[in-house]
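So the structure is just underneath, and the comments pick up after that.
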There are 2 protein chains.
Amino acid sequence: MKVEEAIQILKNDGHKYTNKRRDIISLFVDEDKYITAKYIQEALKDDYTGLSFDTIYRNLYLFKDLNIIESTEIDGEMKFRIACQSHHHHHFICESCGTTKVIDFCPMDSIKQQLPNVEIASHKLEVYGKCEQCKTV
Amino acid sequence: MKVEEAIQILKNDGHKYTNKRRDIISLFVDEDKYITAKYIQEALKDDYTGLSFDTIYRNLYLFKDLNIIESTEIDGEMKFRIACQSHHHHHFICESCGTTKVIDFCPMDSIKQQLPNVEIASHKLEVYGKCEQCKTV
DNA sequence: ATACATGCAAACAATTTGCATATTA
DNA sequence: TAATATGCAAATTGTTTGCATGTAT
C-alpha cells in the first residue's frame, strides 16, 4: 500500500491527518517488513518530539482496524507491517530483521476437508528463518 | 503421552518427582488440549496447598525442554498441551475451549520450493475456530 | 469551536527473578 | 546431606487506560 492511499483511508473514515500518523505510515511503507511498537518508537524518536507508546499503540490498532496494516504475534510481542493488498497469501518472516517474503500458497482447501464438523474462523501460516542477508554464509 | 512416560523422562533427566509435577502432568494428560498457566493454577488451586505461578512457569519451561509438552502463543498468552508423539502434524484449535484436532497435513514441501534462498528454521500452521461442542447450533 | 489526537502517569497482565525455606533422592 | 523444588515478593516487559491538554478540521 502507498502512503497516499493509507492517508485517504484515514481521512475517509473521519480521522485526522497528523504528522505523527504520516510518519508512522511512511515508516511502514519504507520498511516494508514486520516491526514492533518499540521499533517505531526508536525510528521516530528524533523526529519532532518523538512518540509515546500509548500514541503508537492507539494508532496501530486504528490502522489495523482500517486494514492499513496487518499484524502477527511472534515471541510474545505484536509485530506489524504495511498491508499487502494482493490476493490471500502467507509470509516467510526473517527472525533477524523482520523482512517478509510472500508465500503464494494456502493449504486451507485441503485442510477444510479434514475438519468437517468445526466452524473455522481463521488460520495462521507463517514460516520463520533467516533471509539471504541475515543467514550466516 | 502417558503420565508414567512423562515421569520417566523427568527422572531420567535428573529432576525430582514432586506431587505438584505429577499433578500438572496429570492435568495435561487428562485435559488433552491447550491450556494456560492460569488454567493450571485454577485447576490445582484446591489441591494440597495450590500452586504459585512461578512454580507453574518454571515447570512449564522444564516440561517444554523435555518435550513433555508443546506450546503455542494465542492472543498474547502462551498455551500448552501434552506433546503429541505421532508424526509431524498441525492442529485445529477451538477458540472457546482449547480442544485440538489433528490436521494431518503439512504444506512445507511445496512452500520450501518457493523459498530457495532463505534458511528455514521453523513454521507455524494453526487453524482456529469453534469445535462441534462450542459452535452455536 | 469542536471533536479528535496526544502525552503523562499510572494501571495492567503475563511472565520472570532473587532469595530464603522446604523437600526429594 | 546435598541438590533441587517451591513460595514469597518484587521486578520486568509489553500493552492499555484516565484524564488534561493540544491540534486538525
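Per chain, numbering begins at 1; letters A, B, ... match sequence-line order. Every value quoted in this text rests on a predicted model; they were computed, and no experiment measured them.
Residue A:His15 is the one, among A:His15 and B:Ala37, whose nearest nucleotide of DNA chain C lies closer to the 5' end (criterion: closest heavy atom).
Taking only side-chain nitrogens and oxygens, A:Asn19 never comes nearer than 4.0 Å to OP1 or OP2 of C:dT6. Under 4.0 angstrom from either OP1 or OP2 of C:dT16 there lies at least one side-chain N or O belonging to B:Tyr61. Close to C:dG7, at under 4.0 Å from its OP1 or OP2, lies a side-chain N or O of A:Lys20.
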For this session: Encode nucleotides 8-13 of chain C as B, S and - characters from 5' to 3', where the letter depends on protein heavy atoms closer than 4.0 Å: B to the base, S only to sugar-phosphate, - to neither.
Result: BB----
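One interatomic measurement links the two molecules: CZ of B:Arg22 to P of D:dT6, which rounds to 12 Å at whole-angstrom precision. In this entry the distance linking CG of B:Leu60 with C1' of C:dA14 reads 12 Å, nearest Å. A straight line from CG of B:Asp23 to C1' of D:dA5 spans 14 Å, rounded to a whole angstrom. At whole-Å resolution of the value, CD1 in A:Ile7 and C1' in C:dA5 are 16 Å apart. Between B:Ile74 atom CD1 and C:dA14 atom P the separation is 15 Å, expressed in whole Å. Taking atom CG of residue B:Asp13 and atom P of nucleotide D:dA5, one finds them 10 Å apart after rounding to whole Å. Following rounding to the nearest Å, A:Lys64 (NZ) and D:dT15 (C1') show an atom-to-atom distance of 15 Å. When the P atom of D:dA9 is taken as reference, atom CZ of B:Phe53 falls 15 Å away, rounded to whole Å.
Between the side chain of B:Arg21 and the main chain of B:Lys16, a donor-acceptor pair closer than 3.5 Å is present. The backbone N or O of B:Thr72 lies less than 3.5 Å from no partner atom in the side chain of B:Lys124, so there is not a single donor-acceptor pair.
Partners of B:Gln113 under the side-chain contact (heavy atoms from CB on, under 4.5 Å) rule, at least two apart in sequence or in another chain, do not exist in this structure. When the salt bridge (charged side-chain N to carboxylate O under 4.0 Å, His left out) test is applied to B:Asp54, the partners found at least two apart in sequence or on another chain are B:Arg58. The salt bridge (charged side-chain N to carboxylate O under 4.0 Å, His left out) search around A:Lys64 returns none, not counting sequence neighbours.
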Between the protein and nucleotides 21-23 of chain C, which nitrogen or oxygen pairs come in under 3.5 angstrom?
none

Just distance, no hydrogens or angles: give the donor-acceptor pairs under 3.5 Å from side chains in residues 92-108 of chain B, sequence neighbours left out.
{"unit_1": "B:Ser96", "atom_1": "OG", "unit_2": "B:Lys130", "atom_2": "NZ", "d": "3.0"}
{"unit_1": "B:Thr100", "atom_1": "OG1", "unit_2": "B:Arg81", "atom_2": "NH1", "d": "2.6"}
{"unit_1": "B:Lys101", "atom_1": "NZ", "unit_2": "B:Glu132", "atom_2": "OE1", "d": "3.4"}
{"unit_1": "B:Asp104", "atom_1": "OD1", "unit_2": "B:His87", "atom_2": "NE2", "d": "2.8"}

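Ring-plane geometry between A:Tyr61 and A:Tyr57 is classed as parallel, the angle between the planes falling under 30 degrees on a 0 to 90 degree scale with a further cut at 60.
Here the nucleotide nearest the side chain of B:Thr55, chosen from D:dT6, C:dT6, C:dT16, is D:dT6. Taking every side-chain heavy atom of A:Arg21 into account, C:dT6 is the closest of D:dT6, D:dT15, C:dT6.
Across B:Cys84 and B:His89, no two heavy atoms sit closer than the pair CB-CE1, 3.5 Å.
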For this session: For A:Ile40 and A:Phe80, run side chain to side chain contact (heavy atoms under 4.5 Å, CB included): C-alpha distance rounded to whole Å, both residues' side-chain angles, the deciding distance at 0.1 Å, then the answer.
Result: CA-CA 10 Å; A:Ile40 296 171; A:Phe80 304 84; 5.6 Å; no
